[in-house]
S.K.: 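The structure is given below, and queries will be raised subsequently.
To find a chain, count down the sequence lines: A is the first, B the second, and so on, and within it residues start at 1.
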Amino acid sequence: MNKNKVLSEMFDRMADALEFLDENRFKVIAYRKAARVLEDYPEDIEEVYRKGGVKALKAIPGIGERIAQKIAEYLETGHMHKYEEVMSMVPQELLTLLDVQGIGPRTLRLAYDKLGVRTVEDFKRVLEDGSLARLPGMGPKKIENIKKGLELYERMRDRIPIGLAFPLVNEIIEAMKKLDEVNRISACGSFRRMKETVGDLDILTTGTDGRKIIDYFVHLPGVTRVLASGDTKGSAIFHDRYQVDLRVVPEESYGAALQYFTGSKQHNVHLRTIAKSMGLKISEYGVFKGDEMIAGKDEAEVYKAIGLPWIPPELREDWGEIEAAAAGKLPLLVELNDIKGDLHVHSRYSDGTATLEEIAERARELGYEYIAICDHSVSAKYAHGLEIERLKEKVERIRKLNKSLDGVRLLAGTEVDILPDGRLDYPDEVLKQLDFVVASVHTWRKDEDVTDRILRAMENPYVHVIGHPTGRLISQREGYQVDIDKIIEKAAETDTALEINAYYDRLDLRDINVRKANEAGVKLSIGTDAHNIGQLWMMVLGVGTARRGWSTPQSIINTMSYDELIQWTSSKKERMSQ
DNA sequence: GCCGTTTTCGGCCCGACTGTTTTCAGTCG
């Protein structure tokens, strides 16, 4: 994790604190903006400062004199006076509750001022004993809402969205590979299975000197606490949040250990049952017939020993993959390499930060044939949704730009809002001029069932994809009410694709719904929903989710060539207008 | 605290919804 991220988090925390302290709200906005800019900034901020000093920092949009000074102070001294000052003025632990749906700065401040609430425990107590409910403005509905928000938050708190762990794990693995003693290395656990959230992160290595490998591991940059450090196992907390366990096993047991630590538990139990019926025993050290080890060096060997083909990690949930494997009916899963483009990206035209040129350039680097620019529509005011005129201007610029591009094409698209009555936020005459149309629900009334809105949107001949179909946010909210089975049925009927939104906090559709969609023969579209080019890597999360839902390349429209994709998008038009 | 065809002060996105009010505050997107 570089200093960009560290600084970004500092400014974010300060923004939270200032909001709690009732500072000028525009100052709060400025801090938040600085945090976002820093997080998104493609270059290492330390490098920028080293080369150009405070002046170079100020040249970054959103960073002015005062914030530049603070950044410089931190980079020079490792401290930021203002940060420490502000943090000393607020109950820091309490502020973590700002992440809870339904709790804002005013509510916290009220509890702090009137009830002396200082900690999360305090807050829960006043919530339960009714003293919070007695304060002005706090009715029963509000209390109920906060309780539900807290429940969801608690349930998710110990698990980490995979997208947050992903860069860290890759960083650790890359760092470990530099050590000569490390031979083979891989992540395992739910991370390797690409589950949407992960608990502890497990990494497995083989190597010649366990103690040295573990010692190197617990001294990696980013380690804030060491929990264990021995010959075969090390455990450390990275960045105060992520627990990472590293295991070193003998070369001949690597496959068995990888299989064992990848899980899932249910999958492993099922495998062991089969092994037992064959007079074999599977452990993390190998597959044994009596005392004789008959497999273990490679994972495929382990599966082969009990008469199965190798099963991709993403399928190992005991959701029928073992039976499918035994019957020779495992799906040939889509792979990242099959993906020819990203089908949901925001540009600077709405609430993204990248220009069309930057997106095109990055798409080319990623080896894409195309990338769909899907900015927000008029009604999405908070996201600078595009008025029709501005959309037309964007389309023209894309058409022009495409003539000068080599090897990659931008698709003129939109993420059009599905309005409360199910109409779309742009008229058909406008939509028909676009290459790619994602339609999404962004606003809904509490407890509203949005199924009919989405069904109606799918009837539109110009809608190619339903964006993030359930609206859930992994760490924040459950999403709107929607009958996913009806959506899938209608998607099949109208040949509308459903999105696998690959943004780490969405992963929507989620794995089980992807599987349902596949069983119904529905096409799926993977889009990162990236708002800057630093988020395009999340395609791998979308592909992981697709794989967890048993997707083959045939069901994913991103595997189509440009020509095939254009043909597919226009075929709906033709069919629906007949 | 940032920024400038609104230019060194004064605006910065703001409407919708909800729940709580009796005219509005808090939260969200």
Side-chain angles (χ1 to χ4, degrees), chain A residues 7 10-12 14-38 54 57-71 73 80 82-83 85-86 97-113 132-150 152-153 346 350-352 375-387 390 415 417-421 425 440-448 450 467-468 471-473 475-480 503 505-506 529 531:
Chain A
L7 282 160
M10 288 174 88
F11 283 107
D12 234 337
M14 279 198 279
D16 283 344
L18 292 176
E19 199 159 26
F20 180 81
L21 293 170
D22 206 15
E23 255 280 8
N24 179 312
R25 69 193 187 94
F26 295 111
K27 189 192 263 194
V28 175
I29 290 170
Y31 273 60
R32 278 207 207 291
K33 183 169 185 198
R36 189 175 156 201
V37 166
L38 285 169
V54 172
L57 295 177
K58 275 178 65 181
I60 301 170
I63 309 289
E65 177 66 31
R66 313 290 292 272
I67 288 183
Q69 289 293 351
K70 289 180 175 70
I71 295 171
E73 185 199 351
M80 192 189 298
K82 176 79 174 181
Y83 176 78
E85 180 194 317
V86 169
L97 290 178
L98 287 175
D99 288 334
V100 177
Q101 190 86 351
I103 302 179
R106 314 302 313 194
T107 306
L108 281 188
R109 187 61 200 243
L110 190 70
Y112 179 87
D113 284 341
L132 187 63
R134 280 192 289 277
L135 294 180
M138 285 290 151
K141 293 257 180 76
K142 218 170 211 174
I143 295 290
E144 193 48 38
N145 194 28
I146 291 174
K147 280 184 182 169
K148 273 165 76 179
L150 208 52
L152 183 67
Y153 174 77
H346 293 266
S350 63
D351 58 346
D375 283 302
H376 289 285
S377 57
V378 189
S379 292
K381 301 284 185 215
Y382 60 87
H384 307 290
L386 271 63
E387 300 287 341
R390 190 124 167 82
E415 182 182 16
D417 261 57
I418 300 174
L419 299 173
D421 59 1
D425 202 17
S440 307
V441 170
H442 286 117
T443 52
W444 61 92
R445 292 188 314 278
K446 201 182 167 191
D447 298 328
E448 178 189 356
V450 302
H468 43 75
R472 66 96 173 250
L473 290 178
S475 58
Q476 291 167 57
R477 65 166 191 237
E478 307 212 37
Y480 35 72
Y503 190 78
D505 211 18
R506 289 192 180 273
D529 209 348
H531 284 64

S.K.: Using atom P of each nucleotide, how far apart are B:dC17 and B:dG11 to the nearest Å?
M.R.: 28 Å

S.K.: Using the C1' atom as the point on both nucleotides, what is the distance between B:dC14 and B:dC9, in whole Å?
M.R.: 23 Å

S.K.: Where do A:H384 and A:D351 land on the side-chain hydrogen bond (donor to acceptor under 3.5 Å, both in side chains) test, with the steps shown first?
M.R.: CA-CA 6 Å; A:H384 307 290; A:D351 58 346; over 6 Å; no

S.K.: Do A:H346 and A:D529 have side-chain N/O donor and acceptor atoms under 3.5 Å apart?
M.R.: yes

S.K.: B:dT18 C1' sits how many Å from A:I103 CD1, rounded?
M.R.: 16 Å

S.K.: Roughly how far apart, to the nearest Å, are B:dC12 and B:dT6 at atom P?
M.R.: 12 Å

S.K.: With the side chain of A:P140 defined as its heavy atoms from C-beta on, choose the nearest nucleotide among B:dG1, B:dT20, B:dG29.
M.R.: B:dT20

S.K.: For the pair made of OH in A:Y503 and P in B:dG29, what is the distance, rounded to whole Å?
M.R.: 13 Å

S.K.: Run the side-chain contact (heavy atoms from CB on, under 4.5 Å) check on A:W444 and A:V441 step by step: do they pass?
M.R.: CA-CA 7 Å; A:W444 61 92; A:V441 170; 4.0 Å; yes

S.K.: Verify the distance criterion only: is there a donor paired with an acceptor across the side chains of A:Q69 and A:E65 at less than 3.5 Å?
M.R.: yes

S.K.: Between atom CD in A:E144 and atom P in B:dT20, what is the gap in whole Å?
M.R.: 11 Å

S.K.: Could you check how far NZ of A:K33 sits from C1' of B:dG1, rounded to whole Å?
M.R.: 11 Å

S.K.: How many Å lie between CD on A:E448 and P on B:dT18, as a whole number?
M.R.: 9 Å

S.K.: Could you say whether A:R106 or A:L135 is positioned toward the 5' end of DNA chain B, judged by the nucleotide with the nearest heavy atom to each?
M.R.: A:L135

S.K.: P atom, B:dT22 versus B:dA16: distance in rounded Å?
M.R.: 24 Å

S.K.: Whole Å only: how far is the CG atom of A:L110 from the C1' atom of B:dT20?
M.R.: 13 Å

S.K.: Ignoring backbone atoms, establish whether A:K70 has a side-chain N or O less than 4.0 Å from OP1 or OP2 of B:dG1.
M.R.: yes

S.K.: Does A:R106 pair with A:E19 as a salt bridge, N-O distance under 4.0 Å?
M.R.: no

S.K.: On DNA chain B, check which nucleotide each of A:I143 and A:G64 is closest to and give me the residue with the more 5' one.
M.R.: A:G64

S.K.: Taking the side chain of A:K141 as heavy atoms from C-beta outward, which of B:dT20, B:dG1, B:dG26 is closest to it?
M.R.: B:dT20

S.K.: Which nucleotide wins on minimum distance to the side chain of A:A30, given the candidates B:dG19, B:dC2, B:dT18?
M.R.: B:dC2

S.K.: Between N or O atoms, less than 3.5 Å apart, protein on one side and nucleotides 12-14 of chain B on the other: list the pairs.
M.R.:
none

S.K.: Could you check whether A:P136 gets within reach of a base, just the sugar-phosphate, or nothing at all, counting any heavy atom under 4.0 Å?
M.R.: nothing

S.K.: In whole angstrom, what separates A:K27's NZ from B:dG10's P?
M.R.: 19 Å

S.K.: Locate the shortest heavy-atom distance separating A:V54 from A:A68; write the atom from each residue and the value.
M.R.: CG1-CB, 3.8 Å

S.K.: Between B:dG15 atom C1' and A:L419 atom CG, what is the distance in whole Å?
M.R.: 14 Å

S.K.: What distance, rounded to whole Å, do you find between the two C1' atoms, one in B:dT21 and one in B:dG10?
M.R.: 33 Å

S.K.: Across all strands, who's sitting opposite B:dT8 as a Watson-Crick or G-U wobble pair, both distances under 3.5 Å?
M.R.: none

S.K.: Salt bridge or not for A:R109 and A:D22, using N-O below 4.0 Å?
M.R.: no

S.K.: Using the C1' atoms only, state how far B:dC13 lies from B:dG29, rounded to an integer number of Å.
M.R.: 11 Å

S.K.: After noting the C-alpha distance and the side-chain angles of A:S379 and A:L419, does the key distance pass the side-chain contact (heavy atoms from CB on, under 4.5 Å) rule?
M.R.: CA-CA 8 Å; A:S379 292; A:L419 299 173; 3.6 Å; yes

S.K.: For B:dC17, does either OP1 or OP2 sit under 4.0 Å from a side-chain N or O belonging to A:T443?
M.R.: no

